[in-house]
Amino acid sequence: MLDVKFIRQNADLVKTSLKNRGASIGLDPLMEKDHERRTLIQKAEELKAARNQFSMKIAKAKGQGGDLEQEKAEMRRISDEIKDLDTRIRDVETAMETMAMEIPNIPHESVPVGSDPNDNQVVRSWGEKPHFDFTPRDHWEVGENLGILDFKRAAKITGARFTVSWGLGSRLERALINFMLDVHTGEHGCTEVWTPFMTNRDSMTATGQLPKFEEELFRTDDFFLVPTAEVPVTNLYRDETLAEEDLPIKLVAYTPCFRREAGSYGKDTRGLIRQHQFNKVELVRFAHPERSFTDLEELTSEAEAILKKLGLHYRVVVLCTGDLGFSSAKTYDLEVWMPAQGVFREISSCSNFVDFQSRRGQIRFKPKQGKKTELCHTLNGSGLAVGRTVAAILENYQQADGTVRVPEALRPYMGVDLIGPMR
RNA sequence: GGAGGGAUGGCCGAGUGGCUUAAGGCGUCGGUCUUGAAAACCGAUGUACCGUCAGGUACCGUGGGUUCGACUCCCACUCCCUCCGCCA
C-alpha cells in the first residue's frame, strides 16, 4: 500500500505509475475522500479540545461543591456532535483504505516501461543450450516413462494439476529441497525457518495477496493456505520494530505452495509447470531502505547460484512496468531453458517491494542515532521453485535411452548418478 | 468440545470514574567517573493524525453502551494462556 500523504504530494508520479502499469483505476475518488477526511478531522478535534476544557472545569467545580448544570448540558450537545463526526470520519477512512489497497506499487526508475511480457528485457544469461542427438521429450513424458511421475493417480486421489512422484522422483524432490536449503544457509548466510502453511487474513493482507487476489487462494473455514512462503516469512516481523544493526535479515524457508490458478485454464495443463500444489524454497530479506536495491541484486544472484550448481542454462529478465506484480517495485525473473518446448520458463521471481508490504504490515526498524522509526524494505525470491526444477532436470539431463543423469551437485543427496526406470 | 485466567509503551509490569501529563523496573541513548571497559550515579527515551506556524487531537486487544467525563463500570467479539476431554 502507498502512503496516502505520499499520493497527495506526488499525484503526478503515481498517475504515471498507474498509466505505465496499464492499471485502470484513477486517483480522484481517493483524493476527494482525503480532502473530506481532513475537513472532518479538523472540526472534530476543535470540539474535542472544547470538551476537554469543559471537563476540567466541571472536575474543579465539583471539588468545590459546585454544580454546573449549564456546562453539563453544553457538554452533552458537544459529545453528540463529536460522536456523529467520528462515525463519519471512520466511514471515510474505511472507504479510503479500500481504495488505497487497490493501488499497485510504483515501479522503480530502472524498470523498463512496457505493456506486456514482450517488453521485458534480458539482462544476462548463463550456460548454453544442451545438445541432443535425439528429439528431447517433454519432462512429463520422461517422468511417466520412468514411472517416477504419476499424474493419473494424482487426478484420482485429488484432481487435475496435482502430482504423485514415486521412488527416485520423490527422492529428487526431497533432494532438491535439502540441497537448496543447504546452499542458502551454508553459503549465503541465510537463517532457515519453518513456518505454518496456513495463515490468517491479516498476514495475507500485509503481503498483498488480499484483498485483491482472494480468488487465487485456497482456504479452510478459518485460514488461507499459503500460495508462497513469502507470506508467513514476511509476516514474522509484522507489527514489530527491528534494530538497524540487524539489517539485512536474510531468511530462507521451504514450504509447499497452494494456488488456485484461476484464469489459467488451458495453460500448461500437462506436467509440473502449473500445479495447485508445489514445493518451493523461498528467500526473504528485510533490508535497510538505503540499500535494498543492492540487496535485490544479491538475492537474485543467490537464486542464480542454485541454477549454476545444477548446470542449468538460464537467463535473467527484468520485468517491464506492464508485467510487474502488484506489490513489486522491481522484479527479476530467472528463466530456465526447457529443451523439449524450446523455450525459457520462469523458475524464480526475485522482487523488491520497498516499503509497500512493510507499510501494510508495519514492519519497521529503529535507526541507531535517535532518528525516527522507519519502515523496512522487504524482498523475496524463489530459490527455487522445486517442481519446475525437477521438470528442468528431467528435460535437460535426459538421455536417448530415457534415463536421466543426476547433476553432479545433487548426487550426494540422491545417492545415485542415474535415474533409471522404476522396477 | 467444557471450565477458568488474561490482553497497558521496545520488553516486564502497577493502575476501581476527573492532578494519568500512565507509577516502577528492564532495555536503549547521552553524560560523570575510568588508560579502556564494567559497576555506580545523573539525565533523556512511545506511536500516529490535523495544522504553514503557534498549537491541537487520538491511542491502555476490537466494537458498542452508561456518564458532563471511561485505562477504570456494563455488553458483545477477537486473540493468547492454564486445566479437563478428544487426538497424530
Side-chain angles (χ1 to χ4, degrees), chain A residues 1-9 30-101 194-206 210 219-224 232 235-247 249 256 286 288-289 355 358-376:
Chain A
M1 178 165 64
L2 300 175
D3 185 11
V4 173
K5 197 191 277 178
F6 177 88
I7 297 175
R8 188 197 309 148
Q9 290 165 351
L30 179 62
M31 291 296 98
E32 275 164 35
K33 286 286 177 193
D34 178 53
H35 185 258
E36 185 184 350
R37 170 176 172 270
R38 286 185 291 151
T39 308
L40 289 171
I41 282 180
Q42 253 164 293
K43 219 183 283 181
E45 290 193 348
E46 229 167 82
L47 289 172
K48 284 175 184 173
R51 181 177 65 181
N52 289 345
Q53 295 274 323
F54 273 110
S55 184
M56 196 106 66
K57 205 164 160 189
I58 292 169
K60 275 188 187 143
K62 196 185 172 193
Q64 294 160 6
D67 192 12
L68 303 170
E69 273 314 317
Q70 210 175 338
E71 276 77 2
K72 285 187 186 177
E74 178 68 5
M75 278 280 272
R76 211 165 306 165
R77 197 187 61 75
I78 291 175
S79 284
D80 285 347
E81 206 171 332
I82 289 173
K83 201 175 289 182
D84 177 53
L85 283 168
D86 277 347
T87 307
R88 284 166 64 191
I89 290 168
R90 214 176 43 169
D91 289 348
V92 169
E93 286 181 343
T94 305
M96 285 175 68
E97 172 119 339
T98 306
M99 289 186 242
M101 285 283 193
W194 186 267
T195 67
F197 301 156
M198 293 187 259
T199 78
N200 56 31
R201 183 168 281 275
D202 285 347
S203 294
M204 288 292 172
T205 304
L210 293 179
R219 60 176 304 176
T220 66
D221 287 346
D222 302 304
F223 304 117
F224 296 91
N235 275 280
L236 284 170
Y237 294 118
R238 173 156 58 83
D239 295 323
E240 292 192 29
T241 304
L242 303 165
E244 183 173 32
E245 59 266 31
D246 291 340
L247 301 177
I249 294 175
F286 299 86
H288 195 287
D355 58 8
S358 52
R359 181 171 297 105
R360 290 181 172 219
Q362 287 299 298
I363 303 167
R364 301 176 299 168
F365 73 95
K366 182 90 183 161
K368 253 186 164 167
Q369 290 305 332
K371 284 179 278 182
K372 281 185 70 165
T373 308
E374 288 183 59
L375 294 169
C376 293

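Each chain gets a letter, A, B and so on, in the order the sequences are listed, and its residues count up from 1.
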Output a table of nitrogen or oxygen pairs between the protein and nucleotides 8-10 of chain B separated by less than 3.5 Å.
none

Take a 6.0 Å sphere around CD of E240(A) and say whether it holds more than 12 heavy atoms from other residues, nucleotides or ligands.
yes

Side chains of S203(A) and N200(A) only: does a donor on one sit below 3.5 Å from an acceptor on the other?
yes

Filtered N/O pairs between nucleotides 50-55 of chain B and protein, under 3.5 Å:
| unit_1 | atom_1 | unit_2 | atom_2 | d |
| --- | --- | --- | --- | --- |
| rC50(B) | OP1 | R37(A) | NH1 | 3.2 |
| rG51(B) | OP1 | R38(A) | NH1 | 3.1 |

Return no unless some side-chain N or O of N52(A) is found under 4.0 Å from OP1 or OP2 of rA58(B).
yes

Does rU47(B) have OP1 or OP2 sitting under 4.0 Å from an N or O in the side chain of T373(A)?
yes

Using the side chain to side chain donor-acceptor pair (under 3.5 Å) rule, collect all pairs that involve residues 75-90 of chain A, keeping only residues at least two apart or in two chains.
K48(A)-D86(A), E74(A)-R77(A), R77(A)-E81(A)

Quick test: give all pairs of protein nitrogen or oxygen and nucleotides 59-63 of chain B nitrogen or oxygen below 3.5 Å, distance rounded to 0.1 Å.
| unit_1 | atom_1 | unit_2 | atom_2 | d |
| --- | --- | --- | --- | --- |
| rG63(B) | O3' | R90(A) | NH1 | 2.8 |

Side chain of A49(A) only, please: which of rU66(B), rC68(B), rU57(B) is the nearest?
rU57(B)

How are the rings of Y237(A) and F286(A) set relative to one another: parallel (under 30°), tilted (30 to 60°) or perpendicular (over 60°)?
perpendicular

Would you tell me if any nitrogen or oxygen in the side chain of S79(A) comes within less than 4.0 Å of OP1 or OP2 on rU67(B)?
no

Once pairs are restricted to Watson-Crick or G-U wobble with both distances under 3.5 Å, how does RNA chain B read as a dot-bracket string, [ ] for crossings and | for other-strand pairs?
(((((((..(((.....[.....)))((((((.......))))))(((((....))))).(((((..]....))))))))))))....

List the residues meeting side chain to side chain donor-acceptor pair (under 3.5 Å) with R364(A), not counting sequence neighbours, and say none if there are none.
none

